[in-house]
Amino acid sequence: QWPFVHGIVERSADSVVAECHLHPLAHGFLRDHVLYTAHVSDVDPSLQGLTVVPRAVSLELLAEAAAVNCTLPYLSLIENVRAHNWITLDGGPRTLTLSARRISDDDTGERFAARVSDGHNTLIEGDVVFASAPLGEHAAVEDLGDGYAPLTADDQLYSTGMFHGPLFQSMGRLVCW
């Protein structure tokens with residue numbers, strides 16, 4: 001039911017602790033999110049760059065942890081996100097602990113404090129909110145201001161600075177940042 005929840009460790013009506021097992025070979029998307037390149041050595045082709053779990057997947061881990069105990073059908077908001085460290089797979093496969101605790105349940109939805117850790121260290125945490133109806137077409141978005149002109153040409157977005165493999169190369173142009 002949840003792609004990254006591989007086992008429930010403990011569960012009550014308002015909280016859950018679960019496990020997630022990440023493996024670069026089993027989760028192919030990880031091969032396209034490697035610092036700095038997938039090809040590291042001509043001498044030893046088995047060597048790989050540092051595999052880093054994409055931030056979007058980290059947010060998905062938070063959402064799935066909360067979804068285990070949620071009774072409402074729509075994920076409406078992930079906020080107050082604090083990323084303390086990258087989730088890396090430099091030692092190969094890795095087991096993460098996913099946890100979520102219901103902190104409110106009212107007319108606006110169900111709110112959970114969710115966390116991903118490696119046992120002792122919190123890697124990312126945030127609040128996950130589920131609602132009874134989807135957000136409208138025109139959900140309020142904070143004005144981001146004028147922004148800054150990009151420093152990188154469009155044809156160099158993924159060859160300079162960004163380390164995303166083909167699966168994650170969805171941007172064709174950077175207007176501002």
Side-chain angles (χ1 to χ4, degrees), residues 3-4 20-67 74-98 100 111-118 120-131 134-177:
F4 293 110
C20 170
H21 309 291
L22 294 177
H23 193 298
L25 298 177
H27 297 98
F29 68 89
L30 292 170
R31 290 189 295 273
D32 274 339
H33 209 260
V34 176
L35 284 179
Y36 181 75
T37 179
H39 178 78
V40 176
S41 171
D42 290 332
V43 176
D44 185 353
S46 69
L47 293 177
Q48 299 177 350
L50 178 62
T51 302
V52 179
V53 174
R55 185 67 66 220
V57 173
S58 299
L59 296 174
E60 175 68 18
L61 296 174
L62 294 174
E64 288 189 23
Y74 296 100
L75 172 63
S76 63
L77 184 66
I78 301 176
E79 65 180 355
N80 302 321
V81 174
R82 293 162 307 282
H84 302 284
N85 208 340
W86 286 350
I87 301 174
T88 61
L89 279 75
D90 49 335
R94 188 167 185 186
T95 297
L96 301 172
T97 301
L98 314 179
R111 178 177 292 269
F112 294 84
R115 179 173 92 135
V116 176
S117 65
D118 63 359
H120 302 293
N121 301 307
T122 298
L123 301 170
I124 186 169
E125 59 188 329
D127 295 343
V128 180
V129 180
F130 287 86
L135 292 175
E137 282 184 42
H138 304 289
V141 175
E142 185 178 330
D143 181 17
L144 300 178
D146 294 333
Y148 301 95
L151 301 175
T152 305
D154 293 343
D155 63 342
Q156 296 176 334
L157 285 175
Y158 294 100
S159 62
T160 306
M162 289 201 281
F163 54 88
H164 302 86
L167 183 64
F168 292 100
Q169 292 182 3
S170 60
M171 287 185 5
R173 181 168 182 251
L174 184 60
V175 176
C176 68
W177 61 276

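When reading the values below, keep in mind they use all heavy atoms of this one structure, side chains included, and skip hydrogens, waters and symmetry mates.
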| field | Which residues share a side chain to side chain contact (heavy atoms under 4.5 Å, CB included) with Phe29, sequence neighbours left out | value | Phe4, His27, Pro54, Val57, Leu167, Phe168
| request: Please report the closest heavy-atom contact between Gly92 and Pro24, naming both atoms and the distance. | output: C-CD, 4.4 Å
| request: Decide yes or no on side chain to side chain contact (heavy atoms under 4.5 Å, CB included) for Thr152 and Leu174, but give the supporting numbers first. | output: CA-CA 8 Å; Thr152 305; Leu174 184 60; 5.9 Å; no
| field | Contacts of type side chain to side chain donor-acceptor pair (under 3.5 Å), residue His23, not counting sequence neighbours | value | none
| note | Nearest heavy-atom approach of Gly172 to Asp154 is O-CB, 3.6 Å
| Closest approach of Leu62 and Val128, non-hydrogen atoms and distance? | O-CG2, 3.8 Å
| pair Asn85-Asn121: side-chain heavy atoms closer than 4.5 Å | no
| field | Gap between atom OG1 of Thr97 and atom CG of Asp118 - 0.5 Å precision | value | 8.0 Å
| If every non-hydrogen atom of Cys176 is compared with every non-hydrogen atom of Pro150, which pair is closest and at what distance? | CA-CD, 4.3 Å
| message | Can you tell me how far apart CZ (Arg94) and CG (Leu22) are? Round to the nearest 0.5 Å. | response | 8.5 Å
| field | Point-to-point distance, once rounded to the nearest 0.5 Å, from CG of Leu98 to CZ of Arg115 | value | 10.5 Å
| query | Is there side-chain contact between Leu77 and Asp127, with at least one heavy-atom pair below 4.5 Å? | reply | no
| said: Tell me whether the count of non-hydrogen atoms from other residues, nucleotides or ligands lying under 6.0 Å of CG in Asp146 goes above 12. | reply: no
| message | Can you confirm whether Arg82 sits close enough to Thr122 that some side-chain heavy atom of one is under 4.5 Å from a side-chain heavy atom of the other? | response | no
| query | Atom CD1 in Ile87, atom OG in Ser58: separation rounded to 0.5 Å? | reply | 3.5 Å
| Minimum heavy-atom distance between Phe130 and Ala63, given as atom pair plus value | CZ-O, 3.8 Å
